[in-house]
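All residue numbers in this chain count up from 1 along the given sequence. Below, each value reflects all heavy atoms present in this structure, side chains not excepted, and no hydrogens, waters or symmetry copies.
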Amino acid sequence: MSIGIGVIGAGVMGGDHARSIATSVGGAHLAAISDADAARAAHIAAETGARRHFTDGMALIADNSVDAVLVASPDHTHADFVLACLRAGKPVLCEKPLAANAAECHTIIAAEVAAGRRLVQVGFMRRFDPAYAAMRAKLESGALGAAVMLHCLHHNASAPPWFDAEMVITNAAVHEIDIARFLLDAEIAAATVFVPGGTQSATRDRLLLVFEMMSGAVVDVGVFVNAGYGYDVRAELVCERGSIARDPREAVVLRHDGREALDVAPDWRAHFAAAYRLQLQGWVKAIRDGVPVGASAWDGFAATATADACVQALRTGERVRIALPARPDFYD
Ligand code: ISE
């Protein structure tokens with residue numbers, strides 16, 4: 001039986017997901033789409049062949065043709081939709097962040113544990129990126145020994161003027177928080193945030209974050225959201241006996257006029273296109289097999305709580321210790 005997916009949110013990300021489900025994901029079909037803007041929902045429905053469209057995400061969740069829900073609506077609406085999916089017993093893939101704050105993430109965890117079934121996946125799509133997955137597999141092989149450092153770089157071509165330093169953390173660096181936890185299989189024990197040019201600097205679009213992991217490894221993350229030249233994400237794991245670097249480049253290299261060149265993706269949708277597609281396919285397979293994959297509600301909570309600590313480190317200029325509560329066995 002094909003799984004009927006309902007997508008909440010017909011903006012840039014919701015539209016992309018709807019098109020992928022309609023064209024590139026096996027074992028599922030796009031059953032419905034919703035958006036507060038009726039014309040936008042109708043437009044994506046017509047483009048993708050979605051059978052139903054709504055202005056109310058709650059009506060989409062309740063609809064009988066919808067077996068599973070993808071939440072790509074504005075961030076502050078995520079928690080209510082995820083909780084409604086849990087009440088309806090429907091699997092849900094929620095774009096990051098899982099919720100607006102750690103307390104709301106906790107409410108979701110409590111509801112999922114009470115439901116007794118893993119229904120929530122968080123859209124930290126990098127976990128499905130072939131290059132990051134290969135880095136983790138190589139580290140786990142043990143051939144290079146333990147990881148001692150992780151260097152991360154995260155550049156966006158440009159960000160809107162209202163994108164402030166706290167958003168650099170909660171919107172962009174939160175992916176680095178998740179990928180550090182994923183690659184190193186450890187929680188972040190402490191965070192320090194440096195503002196290049198000093199805390200009084202007028203430029204608030206670049207930050208250097210340092211994470212001390214529970215494993216003893218140290219992570220540095222440079223985020224610059226107005227880098228100009230394109231979207232660029234890099235990572236290198238330094239191990240006891242070698243290093244593992246992420247190289248997601250396409251196989252095509254242009255040599256012309258005395259230069260060798262590679263294209264730089266304009267944004268994360270292009271850079272992580274394979275990861276987004278594999279995430280959707282992995283989610284559908286997980287629903288069919290009953291074996292969860294990807295980031296859990298717990299991972300969504302840990303990322304939000306750690307990002308909150310980083311915001312505190314930014315505001316105070318101090319090293320902030322992070323002590324998460326014990327992870328429920330349910331998420332083992
Ligand atoms: C954006 O919201 C994302 O989620 C991208 O993955 C991230 O790389 C980018 O910096 C964010 O603004």
Are the side chains of [Y] and [X] in contact, using a 4.5 Å heavy-atom criterion?
X      : Y      : answer
Val238 : His151 : yes
Val219 : Met149 : no
Asp63  : Arg52  : yes
Phe128 : Gln281 : no
Phe54  : Ile33  : no
Pro97  : Thr170 : no

Practice item. Answer yes or no: does atom CG of Asp263 have more than 12 heavy-atom neighbours from other residues, nucleotides or ligands under 6.0 Å? Key: no

Review point. Would you find more than 12 non-hydrogen atoms of other residues, nucleotides or ligands less than 6.0 Å from Met214 atom CE?
Key: no

Check your understanding: Strictly by modelled atom types, are His17 and Tyr276 linked by a side-chain donor-acceptor pair under 3.5 Å?
Key -> no

Can you tell me how far [atom2] of [Y] sits from [atom1] of [X], rounded to the nearest 0.5 angstrom?
X      : Y      : atom1 : atom2 : answer
Leu208 : Thr192 : CG    : OG1   : 9.5 Å
Ile21  : Arg277 : CD1   : CZ    : 14.0 Å
Ile61  : Cys85  : CD1   : SG    : 4.0 Å
Asn101 : Thr304 : CG    : OG1   : 8.0 Å
Met125 : Arg127 : CE    : CZ    : 12.0 Å
Arg126 : Ile179 : CZ    : CD1   : 6.0 Å

Is it true that [X] and [Y] have a side-chain N and a carboxylate O under 4.0 angstrom from each other?
X      : Y      : value
Arg259 : Asp257 : no
Arg246 : Glu236 : no
Lys90  : Asp67  : no
Glu212 : Arg319 : yes
Asp164 : Arg204 : no
Glu176 : Arg181 : no

Practice item. Run the numbers on Arg136 and Lys138 for side chain to side chain contact (heavy atoms under 4.5 Å, CB included), then give the verdict. Key: CA-CA 5 Å; Arg136 183 169 142 136; Lys138 185 59 87 182; over 6 Å; no

Under 3.5 Å: donor-acceptor pair, side chain of [X], backbone of [Y]:
X      : Y      : value
Gln279 : Ala275 : no
Asp289 : Val291 : no
Asp37  : Arg40  : yes
Thr77  : Pro74  : yes
Arg117 : Gly89  : yes
Glu95  : Val122 : no
Glu112 : Leu119 : yes
Arg51  : Ser65  : no
Thr107 : Ala103 : yes
Asp35  : Ala10  : yes

Exercise for review: Please work out which of the three classes, parallel, tilted or perpendicular, describes the rings of His106 and Phe301, given edges at 30° and 60°.
Suggested key: tilted

Practice item. Give the ring-plane orientation class for His175 versus His154, where under 30° counts as parallel, over 60° as perpendicular and anything between as tilted. Key: tilted

Practice item. Could you please spell out the steps behind the salt bridge (Lys or Arg N to Asp or Glu O under 4.0 Å) verdict for Lys96 and Asp178? Key: CA-CA 11 Å; Lys96 63 88 183 161; Asp178 183 66; over 6 Å; no

Exercise for review: Quick one: do Arg315 and Glu166 satisfy salt bridge (Lys or Arg N to Asp or Glu O under 4.0 Å)? Show the steps, please.
Suggested key: CA-CA 9 Å; Arg315 287 183 189 159; Glu166 295 190 5; 2.9 Å; yes

